[in-house]
Each structure stands twice: as structure tokens, then as C-alpha cells.
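What follows is a single structure, written as C-alpha cells, with notes after it.
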Amino acid sequence: MIQYFHFVIFSMLFLACLYGDILKIDTTGASEKTAKQDKLTIKGVEASKKLAETDLVRIEKYKSIIIKVGRAKQMDPVVIAAIISRESRAGAVLKNGWGDHDNGFGLMQVDKRYHALTGAWDSELHVIQATDILIGFIKEIKVKFPKWTQEQCFKGGISAYNAGVKNVQTYERMDIGTTGDDYANDVVARAQWFKSKGF
């Protein structure tokens with residue numbers, strides 16, 4: 001039993017460290033434009049927290065899928081949850097699973113113009129595909145910026161998930177050109193909030 005407990009702890013630590021520790025990533029949070037989705041009068045990390053909190057009940061519906069995929073892909077589940085929150089408000093803004101002028105599909109808004117879609121919009125298959133896309137971007141950022149730390153590459157990959165690797169030019173300005181000019185910063189702040197809630 002003790003050996004199993006140690007294995008679980010080791011697995012959790014490994015999970016958090018494969019692409020970096022989300023809690024070690026600096027973030028400025030949501031832009032004013034993103035905060036206005038919910039008519040918030042604040043911006044930054046506090047706005048990201050509020051947005052994530054609003055989505056929490058809907059996110060809970062997908063928690064088992066998020067955790068299962070996170071474990072299988074060695075991706076911190078809070079990052080998956082944060083992207084679901086950011087991209088589709090956990091499904092709330094979708095119409096029959098579609099968003100972004102019918103180009104984005106599913107909870108994590110996989111773009112049909114660049115990817116052959118798999119699974120139903122709220123399925124495990126969809127979350128697997130989207131998480132694989134994110135991981136691919138993190139790996140591409142590592143190649144593009146070999147001197148960046150693990151956490152910097154993690155954040156860069158999150159930014160690229162929204163606007164592509166070409167859009168990431170510098171660490172400080174990686175979000176310029178993303179939706180709301182804040183994509184990675186907002187996702188990181190939401191993920192950190194989900195982590196603080198024991199997600």
C-alpha cells in the first residue's frame with residue numbers, strides 16, 4: 001500500500017513537470033477586452049479568476065474526461081480545463097458544438113480548416129485531439145526557442161494553440177496577435193485558479 005501511495009505521488013509530480021509547472025509561469029491575466037465578455041470592470045489575473053469561476057460548474061461536468069486525458073497525455077489537467085474555459089466557456093457559447101464562425105469545433109475549439117476533426121464536440125476523443133495539438137505546439141516552441149525554460153516553452157505553446165507558432169516572436173510579446181492579445185496569459189491565470197481549487 002505504501003509503495004502504491006509513493007507511485008501515485010511520483011506520478012502526480014511527473015505529470016506536473018513534463019511540460020513545466022503551471023504555478024511557476026508568470027501571467028498578466030485577461031485583457032480588458034476578454035474581461036468584457038462577462039461585463040467585468042476589472043482585468044488581469046483577477047478577471048481571469050472570475051471568468052474561470054463562472055465556468056467551474058460547467059467544467060465539473062467534464063472533469064473525469066479532463067483528468068483521464070491529462071493523465072494519458074501527461075498534461076496538467078488544469079491547463080485542459082483552462083483552455084476549455086477560455087475557448088468555449090465550457091460549451092456555453094457554442095451552437096451545436098461549433099464556434100468561431102463555424103470554424104472552431106468542440107470544447108477546445110479545434111479549427112476544421114487545419115485539422116480533421118475527431119469525436120463529438122464534448123467527447124473524450126475531442127479532448128485527446130486538442131491536447132495532442134497543444135503538445136505539438138509546445139514541442140515546436142521548444143525547437144524554435146531552444147534557450148527558453150520549460151515553463152516559457154509551455155506558455156509559448158499555449159499561445160501558439162490560439163495563433164500559431166509563427167505568431168510567437170518573443171516571450172514578453174507572445175500574446176500580441178492572439179485573440180484579445182492575452183491568450184496564454186489568460187489561460188495560465190485560469191489554470192492557476194483551477195489548481196488552487198484542487199482541480
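Keep in mind that the numbers below use all heavy atoms, side chains included, and drop hydrogens, waters and symmetry copies.
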Is a side-chain donor or acceptor of Ser31 paired with a backbone partner of Gly180 at a separation under 3.5 angstrom? yes

Any side-chain heavy atom of Ile59 sitting closer than 4.5 Å to one from Phe199? yes

To the nearest 0.5 angstrom, please state how far the CZ atom of Phe137 sits from the OG atom of Ser159. 10.0 Å

Parallel, tilted or perpendicular: rings of Trp148 and Tyr171 (30°, 60°): perpendicular

Please name the pair of heavy atoms, one in Val168 and one in Lys144, separated by the smallest distance, quoted to 0.1 Å. O-NZ, 2.8 Å

Shortest non-hydrogen pair, Leu51 vs Ser85, comes out as O-OG, 4.2 Å

So, are Glu32 and Lys36 salt-bridged, with charged N and O less than 4.0 Å apart? yes

Looking at side-chain heavy atoms only, is the closest gap between Gln109 and Tyr161 below 4.5 Å? no

Is the shortest side-chain N to carboxylate O distance from Lys195 to Asp76 below 4.0 Å? yes

Co-membership, hydrophobic cluster, residues Ile67 and Val78, 4.5 Å side-chain: no

Considering all heavy atoms of both residues, which atom of Gly70 and which atom of Pro77 are nearest to each other, and what is their separation? CA-CG, 4.4 Å

With Lys24 via side-chain contact (heavy atoms from CB on, under 4.5 Å) - residues at least two apart: Asp21, Glu151

List the atom of Ala116, the atom of Gln129, and the distance in Å for their closest heavy-atom pair. O-NE2, 2.7 Å

Yes or no on side chain to side chain contact (heavy atoms under 4.5 Å, CB included) for Asp38 and Arg89, after CA distance, side-chain angles and deciding distance? CA-CA 11 Å; Asp38 284 12; Arg89 306 305 301 272; 2.9 Å; yes

Any side-chain donor paired with an acceptor under 3.5 Å for Asp186 and Thr34? no

In this structure, CZ of Arg86 is separated from OG1 of Thr178 (nearest 0.5 Å) by 6.5 Å

Check the angle between the aromatic planes of Trp121 and Tyr62 and answer parallel, tilted or perpendicular using the 30° and 60° thresholds. perpendicular

Please report the interatomic distance OH(Tyr19) to CD1(Ile25), rounded to the nearest 0.5 Å. 13.5 Å

Any Val45 side-chain heavy atom under 4.5 Å of Thr27 side chain: yes

Less than 4.0 Å between a side-chain N and a carboxylate O, is that true for Lys155 and Asp26? yes

Can you see which heavy atom on Ile22 is nearest to which on Gln192, and at what distance? O-NE2, 2.8 Å

If I take atom CD1 from residue Ile176 and atom CD from residue Gln169, how far apart are they, to the nearest 0.5 angstrom? 12.0 Å

Can a donor-acceptor pair be found, under 3.5 Å and without considering hydrogens, that links the side chain of Asp175 to the backbone of Ala184? yes

Take Lys50 and Trp193 through the side chain to side chain contact (heavy atoms under 4.5 Å, CB included) test and state the conclusion after the steps. CA-CA 9 Å; Lys50 283 283 186 192; Trp193 185 84; over 6 Å; no

Reported CD-to-NZ distance for the pair Glu140 and Lys166, which is rounded to 0.5 angstrom: 10.5 Å

Distance in Å, Leu18 CG paired with Ile135 CD1, rounded so as to fall on 0.5 Å steps: 7.5 Å

Hphob cluster co-occupancy, Leu23 + Val188, side-chain heavy atoms under 4.5 angstrom: yes

Can any side-chain N or O of Lys68 pair as donor or acceptor with the backbone N or O of Glu124 at less than 3.5 Å? no

What heavy-atom pair brings Ala35 and Ala47 nearest, and what distance separates the two atoms? CB-CB, 3.9 Å

May I ask you to check whether over 12 heavy atoms, not counting those of Lys112, lie within 6.0 Å of atom NZ? yes

His115 versus Asp132: any side-chain heavy-atom pair under 4.5 Å? no

Under a single-linkage definition using a 4.5 Å side-chain heavy-atom cutoff for Ile, Leu, Val, Met, Phe, Trp and Tyr, are Ile80 and Leu117 assigned to the same hydrophobic cluster? yes

Check for a donor-acceptor pair, side chain of Asn167 on one end and backbone N or O of Ala160 on the other, with a separation under 3.5 Å. no

Looking only at side chains, do Glu87 and Tyr183 share a donor and an acceptor under 3.5 Å apart? yes

Out of Asp55, Val187, Ile66, Val79, which residue meets the side chain to side chain contact (heavy atoms under 4.5 Å, CB included) rule with Ile84? Ile66

Are Val69 and Met75 side-chain neighbours, meaning at least one heavy-atom pair lies under 4.5 Å? no

Residues Asn162, Thr179; criterion side chain to side chain donor-acceptor pair (under 3.5 Å); working and verdict: CA-CA 7 Å; Asn162 178 257; Thr179 307; 3.2 Å; yes

Matching residue for Ser88 among Leu107, Asp122, Ile83 - test: side chain to side chain contact (heavy atoms under 4.5 Å, CB included): Leu107

